[in-house]
Amino acid sequence: MADALGELKRTHYCGALREGDVGRPVTLMGWAATRRYLGGVVFIDLRDREGICQVVARPEVSKEAHAAADRVRGEWVLAVVGEVAKRSADTVNVKIPTGAVEVLAREIRVLSEARTPPFPIEDEITTSEEIRLKYRYLDLRRPRMQRNIALRHRVTMEVRRYLDEQGFYEIETPFLTKSTPEGARDYLVPSRVHHGSFYALPQSPQIFKQILMVAGMDKYFQVARCFRDEDLRADRQPEFTQVDIEMSYPRVETIVDLIEPLYQRLVALVGVEVRRPFPRLTYAEAMERYGSDKPDLRFGMPITDVTDEMRTLGLDTFPGLISAGARARAIVLPASGGVSGTRLRKINEELWLGRIVADARASKRNLFSLKSTDEAVGNLARKGARESVARQMLDRAGAERDDTVLVAVDEPGPLAMALGILRLEMGRALGLVDEKAYRFVWVTHFPLFERDAAGHLQSVNHPFTAPLDEDLPLLESDPTRARAQAYDVVLNGTEAGGGSIRIHDSGLQAKVFRILSLSEEETRERFGFFIEALQYGTPPHGGIALGLDRIVMILAGESSLRDVIAFPKTASATDLMSGSPSPVRDDQIGDLGILVVRK
RNA sequence: GGGGUGGUAGUUCAGCUGGUUAGAACGCCGGCCUGUCACGUCGGAGGUCGCGGGUUCGAGUCCCGUCCACCCCGCCA
């Protein structure tokens with residue numbers, strides 16, 4: 001039977017006790033992490049949010065406390081009344097912050113007994129995520145998860161503090177809303193009152209935040225939950241949190257100057273200093289040099305163009321490909337990496353034979369490598385290549401002696417993507433990635449539109465993104481070349497945030513809808529209220545959304561979003577603890593005017 | 001939608017080319033132990049081999065289907 005809490009009041013956190021507390025009477029509450037029974041004396045490690053401290057129960061101090069301690073099992077909840085005592089020099093535990101002291105128990109109350117947990121409540125566990133998620137309340141008790149959640153709290157609070165200092169209002173927007181133009185599938189909520197009509201959960205508060213600018217709120221932010229019904233990944237959850245920000249009268253520089261200090265402060269929470277300004281790359285530069293619109297700048301290994309060299313090298317296959325529109329680009333594998341030829345070949349084959357770049361239509365035929373040695377160049381010359389061009393290529397790629405230059409030949413799009421992946425894989429394989437670094441970079445000048453598989457123009461970001469002023473003429477003549485006043489913040493190869501200056505002119509907005517082949521009728525149905533709002537005096541405005549889960553994940557050093565979200569979903573969007581989603585009663589479905597089709 | 005890996009005790013795993021009673025470690029339960037902190041030590045309990053079907057004298061093992069978890073592609077900022 002459990003004891004009542006009664007008149008007891010906690011005086012300290014277990015993890016907070018230090019030598020300075022010696023002699024103090026304390027009352028602790030917490031979980032029994034471990035129990036060590038030595039016949040006479042019993043040790044209990046008592047754990048709470050702040051840490052662990054050792055409780056000693058001796059029969060000569062209190063017979064009752066000793067008997068209670070004897071009965072205690074793992075994860076029982078205890079109240080311990082006692083006194084902080086200094087440990088003798090030979091019994092100090094240097095592994096824990098409270099290791100210099102212990103609490104002599106005068107009274108131990110069992111507030112709650114506990115079933116044996118399915119896995120130990122400690123940091124280094126091998127338990128499957130399936131079990132961890134099912135017993136999430138136990139998983140969250142582990143110190144590491146407690147740290148992650150605490151860090152998330154501090155990040156969120158720092159965001160609020162900073163944006164408040166900058167004069168932003170925190171404003172909530174609805175969850176039950178209308179489908180927004182983000183392009184992902186919506187989570188839908190059927191209306192009971194209006195059969196056949198549905199709310200959509202917001203993919204982001206995009207339209208609402210713009211309307212708040214029309215409404216004169218001037219500076220808005222929100223720690224906003226967003227919902228997207230798409231397939232998941234380690235860094236993608238069906239519901240996730242964005243720090244959503246919008247302001248009136250900004251230029252791109254205004255947003256940059258707002259966001260960089262914020263990231264500085266967030267990174268400072270884990271004791272890291274990053275310098276401003278963050279480097280910048282245009283989208284075109286990022287694709288050209290890193291093969292990605294979210295380049296990982298924790299290592300070098302830039303991509304270089306060696307098309308001219310490959311064309312004139314004098315080998316058979318490549319000139320044909322190149323005159324057909326392909327380019328040749330290279331990365332350099334440093335000799336210091338010490339990667340064997342076999343290893344290299346294996347990584348290449350995995351990469352190129354469909355595993356990763358299936359879309360790139362690449363094959364071994366499109367690959368070429370050359371070691372930067374006289375011997376390798378000589379061998380190549382014997383096969384008919386022009387030696388001077390080979391040397392020029394090594395030079396152009398930036399190869400030092402004994403480095404290996406890896407050249408791929410393909411059309412620019414697939415080539416950039418494939419080399420980007422290759423660069424990442426090689427960087428990792430060669431251990432070039434500085435795991436402790438925080439490398440921010442802005443990527444700007446994104447294209448405004450792209451063509452989908454069917455060849456239709458689509459917004460790269462969303463249809464409210466403003467074009468660059470200088471590219472306005474391109475909207476009519478060559479829309480895919482028009483660039484946007486859009487920007488992403490990239491951190492260590494992860495997209496940490498993105499935004500744009502918006503269109504505030506309803507005429508320009510209408511033109512963009514026309515380019516996207518949205519009929520006036522469709523536009524009116526989907527965004528009519530928004531277009532109307534724009535006609536009532538819209539200040540120029542723009543903003544950004546920062547992925548809160550991702551920044552916390554990176555700051556916490558975790559590799560899965562699930563480790564920084566208290567109650568995350570599995571890769572198939574289920575909650576293993578509560579068992580959602582789940583069937584509902586027929587009458588609930590009936591109320592909604594919905595017919596369920598069973599497969 | 002596609003590909004990959006995995007599913008055997010509470011947990012993590014082993015279990016070969018099908019063949020006696022399915023094992024180990026940790027955890028759990030009991031005994032002993034007054035300075036442990038991964039306590040030690042002696043003993044014990046614990047199994048729908050994910051689920052359904054099939055092949056076979058015989059299936060944890062082979063075949064088919066299905067479910068679940070994780071990773072990746074598509075998709076998604």
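Lettering follows sequence order; numbering is per chain, from 1.
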Undergrad: If you look at every strand shown and take non-hydrogen atoms under 4.0 Å, does A/Phe43 touch a base, only sugar-phosphate, or nothing?
TA: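 Base contact.
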Undergrad: Looking for any heavy atom pair under 4.0 Å, which part of the strands does A/Glu102 touch: base, sugar-phosphate only, or nothing?
TA: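 The residue A/Glu102 makes base contact.
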Undergrad: Quick one: label A/Ser128 by what it contacts on the DNA or RNA (base, sugar-phosphate, nothing), any heavy atom closer than 4.0 Å.
TA: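 Since only primed, P, OP1 and OP2 atoms lie under 4.0 Å of A/Ser128, the category is sugar-phosphate.
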Undergrad: Would you kindly give the CD1-to-C1' distance between A/Ile121 and B/A38, to the nearest whole Å?
TA: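 For the pair A/Ile121 CD1 and B/A38 C1', the rounded distance is 16 Å.
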Undergrad: Would you tell me if any nitrogen or oxygen in the side chain of A/Gln242 comes within less than 4.0 Å of OP1 or OP2 on B/A77?
TA: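 It does not, given that no N or O in the side chain of A/Gln242 lies less than 4.0 Å from OP1 or OP2 of B/A77.
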Undergrad: First locate atom OH of A/Tyr187, then atom CG of A/Asp229, and finally report the distance between them rounded to the nearest 0.5 Å.
TA: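 With rounding to 0.5 Å, OH (A/Tyr187) is 4.0 Å from CG (A/Asp229).
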Undergrad: Taking atom P of B/U36 as reference, at what distance in whole Å does atom CG of A/Leu38 sit?
TA: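 Going from A/Leu38 (CG) to B/U36 (P), I get 8 Å.
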Undergrad: Taking atom P of B/U34 as reference, at what distance in whole Å does atom CG of A/Leu104 sit?
TA: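 Computing the A/Leu104:CG to B/U34:P distance gives 18 Å.
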Undergrad: What nucleotide, of B/U12, B/A38, B/C68, holds the atom closest to the side chain of A/Lys95?
TA: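 The nucleotide sitting nearest to the side chain is B/A38.
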Undergrad: Tell me whether the OP1 or OP2 atom of B/C39 has a side-chain N or O from A/Arg36 closer than 4.0 Å.
TA: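 Yes.
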Undergrad: Does the separation of the ring centres of A/Phe175 and A/Tyr199 fall below 6.0 angstrom?
TA: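 No - the distance between ring centres of A/Phe175 and A/Tyr199 does not fall below the 6.0 Å cut-off.
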Undergrad: Hey, does the side-chain of A/Arg233 have a donor or acceptor N/O within less than 3.5 Å of a partner on the base of B/G74?
TA: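 For A/Arg233, whose side chain was compared with the base of B/G74, there is a donor-acceptor pair (under 3.5 Å).
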Undergrad: Below the 4.0 Å mark, does B/C73 have OP1 or OP2 next to a side-chain nitrogen or oxygen of A/Arg236?
TA: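 No, because none of the side-chain N or O atoms of A/Arg236 sits under 4.0 Å from OP1 or OP2 of B/C73.
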Undergrad: When all nucleic acid strands are considered with a 4.0 Å heavy-atom cut-off, which category describes A/Ile96: base, sugar-phosphate, or nothing?
TA: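 Counting heavy atoms under 4.0 Å across all strands, no contact is made by A/Ile96.
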Undergrad: Rounded to whole angstrom units, what separation is found between the CZ atom of A/Arg136 and the P atom of B/A69?
TA: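 After rounding, the reported distance stands at 15 Å.
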Undergrad: For B/C71, take OP1 and OP2 only and decide whether either is under 4.0 Å from a side-chain N or O of A/Arg562.
TA: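 For B/C71, OP1/OP2 do have a side-chain N/O of A/Arg562 under 4.0 Å.
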Undergrad: B/C29 pairs with which nucleotide, Watson-Crick or G-U wobble, both distances below 3.5 Å?
TA: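 The answer is B/G43, by the H-bond criterion.
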Undergrad: What is the nucleic acid contact for A/Asp293, judged by heavy atoms within less than 4.0 Å: base, sugar-phosphate only, or nothing?
TA: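 Here A/Asp293 touches the bases of the nucleic acid.
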